[in-house]
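All of these numbers come straight from a predicted model, not from anything done at the bench. Convention: sequence-line order gives letters A, B, ...; per-chain numbering from 1.
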There are 2 protein chains.
Amino acid sequence: MNHRLPMPARAKSAKKTAPDVCTEHHAPASHPDAKIPPLTLVESQRMGEFFAVLADPTRLRLVSLLASDEFCVCDLASSLSMTESAISHQLRALRAARLVSYRKEGRQVFYRLHDHHVLELYQTVREHLEE
Amino acid sequence: MNHRLPMPARAKSAKKTAPDVCTEHHAPASHPDAKIPPLTLVESQRMGEFFAVLADPTRLRLVSLLASDEFCVCDLASSLSMTESAISHQLRALRAARLVSYRKEGRQVFYRLHDHHVLELYQTVREHLEE
DNA sequence: CCAATATATGAACATACGCTCAGATATTGG
DNA sequence: CCAATATCTGAGCGTATGTTCATATATTGG
């Protein structure tokens, strides 16, 4: 069965030159213009957490609402026909990822997208999926 | 407790004018330049699935490797110090999401990024997280 | 044909996640 | 202060997901 176990030694040999792995190797070099080092484990975990926040339908619908205007939790819950508790939990995740900011006004808390980068990313992917 | 249950009627009232929800409403209108309709449930699910594929450290490291060159499964597994089975499962997910393409050459299968959109999205988010 | 190599796949297990429910916290009005 | 409103939070449940393990498929060499 698995003829190459985890192998702590050896790894990280593939950087920019052709990696000398497998019995024979044909070194295709299809992206010659690249100099980008691969993600480290920690970097990939960070990036994964970022994408994971956007990998939920409810949070994406929240972002799509906030792309047009500022809303309080109550309005967001009503717009999505969900409980305010569920929305509050999801807003917590969006806050932790710095995707939204908020502003307190009396008993209400108004949420908005954190900055233009969020709006741009959302619109880019939206257009990409509309093809 | 929850003073506003799922409410199937009523929802979808917040489109472009200020949504009339909550007892009092202060209509802040912070993004006046918007005309983007919010995501439907189905659209948000599609978009969520797309982000979910990129929400895993292993798949992101695979994308980061393929951003520089074309690799066979064996090389990818070796580079990440993981079993070829695990890598094959993840490549399957990347294939299903049309994020990678492949080319068979004898016993080996060489994977590459599907198109330049993938590379651009990856690089954009990478730069965004480097701040 | 058969052994070896390279990859793919299904089942199973452990973990992670989203929602609900109950309750806590905070602010306003009487 | 107390009731009502608006939001937040922790525990628990059901489901989804990534890896391992065993096995299957496919291609090459002898």
Side-chain angles (χ1 to χ4, degrees), chain A residues 1-7 19 21-26 41 44-45 48-49 51-62 70-78 80-97 100 102-111, chain B residues 1-7 19 21-26 41 44-45 48-49 51-62 70-97 100-111:
Chain A
M1 65 199 93
N2 60 4
H3 57 114
R4 189 174 289 130
L5 280 162
M7 269 174 70
V21 196
C22 287
T23 308
E24 321 126 34
H25 189 68
H26 296 267
L41 183 56
S44 70
Q45 286 166 344
E49 286 166 16
F51 278 119
V53 177
L54 293 171
D56 177 73
T58 300
R59 287 193 291 267
L60 283 173
R61 294 173 85 198
L62 289 173
E70 193 182 44
F71 288 102
C72 66
V73 179
C74 180
D75 288 355
L76 292 169
S78 168
L80 300 188
S81 300
M82 294 178 64
T83 67
E84 289 155 17
S85 175
I87 298 304
S88 186
H89 276 293
Q90 300 298 39
L91 287 171
R92 179 189 174 94
L94 291 170
R95 259 183 300 157
V100 302
Y102 63 95
R103 167 178 74 83
K104 297 186 72 170
E105 186 170 324
R107 280 175 288 209
Q108 302 185 55
V109 179
F110 289 92
Y111 282 83
Chain B
M1 65 200 95
N2 61 4
H3 58 115
R4 189 174 288 132
L5 280 161
M7 268 173 69
V21 196
C22 287
T23 308
E24 322 126 32
H25 189 69
H26 297 267
L41 183 56
S44 69
Q45 286 166 344
E49 285 167 17
F51 279 119
V53 178
L54 294 171
D56 177 73
T58 300
R59 288 193 291 268
L60 283 173
R61 294 173 85 197
L62 289 173
E70 194 181 43
F71 288 102
C72 66
V73 179
C74 181
D75 288 356
L76 292 169
S78 169
S79 293
L80 300 189
S81 300
M82 295 179 62
T83 67
E84 288 155 17
S85 175
I87 298 303
S88 185
H89 276 293
Q90 300 299 39
L91 287 171
R92 179 188 173 95
L94 291 171
R95 260 184 300 158
V100 303
S101 304
Y102 63 94
R103 168 178 75 83
K104 297 186 74 170
E105 186 170 326
R107 280 175 287 207
Q108 302 185 57
V109 179
F110 288 93
Y111 282 84

Which residues pass the side-chain contact (heavy atoms from CB on, under 4.5 Å) test with A:Ser85, not counting sequence neighbours?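 Applying side-chain contact (heavy atoms from CB on, under 4.5 Å) to A:Ser85 gives A:Thr83, A:His89.
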Please determine whether a side-chain nitrogen or oxygen atom of [X] lies at a distance below 4.0 Å from atom OP1 or OP2 of [N].
X        : N      : answer
A:Ser88  : D:dT7  : no
A:Tyr111 : D:dC8  : yes
B:Thr58  : D:dT19 : yes
A:Arg92  : D:dC8  : no
A:Arg59  : C:dG18 : yes

Rounded off to whole Å, could you give me the [atom1]-to-[atom2] distance for the [X] and [N] pair?
X        : N      : atom1 : atom2 : value
B:Leu91  : C:dT7  : CG    : C1'   : 10 Å
B:Arg107 : D:dG29 : CZ    : P     : 6 Å
A:Gln45  : D:dG18 : CD    : C1'   : 14 Å
B:Gln90  : D:dT17 : CD    : P     : 11 Å
A:Leu54  : C:dC17 : CG    : P     : 14 Å
A:Glu84  : C:dA22 : CD    : C1'   : 15 Å
A:Leu94  : C:dC17 : CG    : C1'   : 14 Å
A:Met82  : C:dT20 : CE    : P     : 6 Å

Enclosure of B:Phe51 CZ (heavy-atom neighbours >12, cutoff 6.0 Å):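 Atom CZ in B:Phe51 is crowded, with more than 12 foreign heavy atoms closer than 6.0 Å.
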Which nucleotide in [options] has an atom nearest any side-chain atom of [X]:
X        : options               : answer
B:Gln108 : C:dT5, D:dT20, C:dT7  : C:dT7
A:Val109 : D:dC8, C:dT20, D:dT20 : D:dC8
B:Arg95  : D:dC8, C:dT20, C:dT9  : C:dT9

Can you tell me the pairing partner of C:dG30 across any strand shown, Watson-Crick or G-U wobble, with both distances under 3.5 angstrom?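 Matched C:dG30 with D:dC1 under the 3.5 Å cut-off.
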Answer yes or no for this row: B:His89 ring on C:dT9 base, centroids under 5.5 Å, planes under 30°.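 Answer is yes, a stack.
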Return yes if the base of C:dT9 and the side-chain atoms of B:Ser85 contain a donor-acceptor N/O pair under 3.5 Å, otherwise no.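 Yes.
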Under the criterion side-chain contact (heavy atoms from CB on, under 4.5 Å), I'd like the reasoning laid out for A:Glu70 against A:Arg103: C-alpha separation, chi angles, the key distance, then a yes or no. CA-CA 10 Å; A:Glu70 193 182 44; A:Arg103 167 178 74 83; 2.9 Å; yes
Steps toward side-chain contact (heavy atoms from CB on, under 4.5 Å) verdict (B:Val109, B:Leu91): CA-CA 11 Å; B:Val109 179; B:Leu91 287 171; over 6 Å; no
Under 4.5 Å between any side-chain heavy atoms of A:Ser44 and A:Leu41, yes or no?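 In contact.
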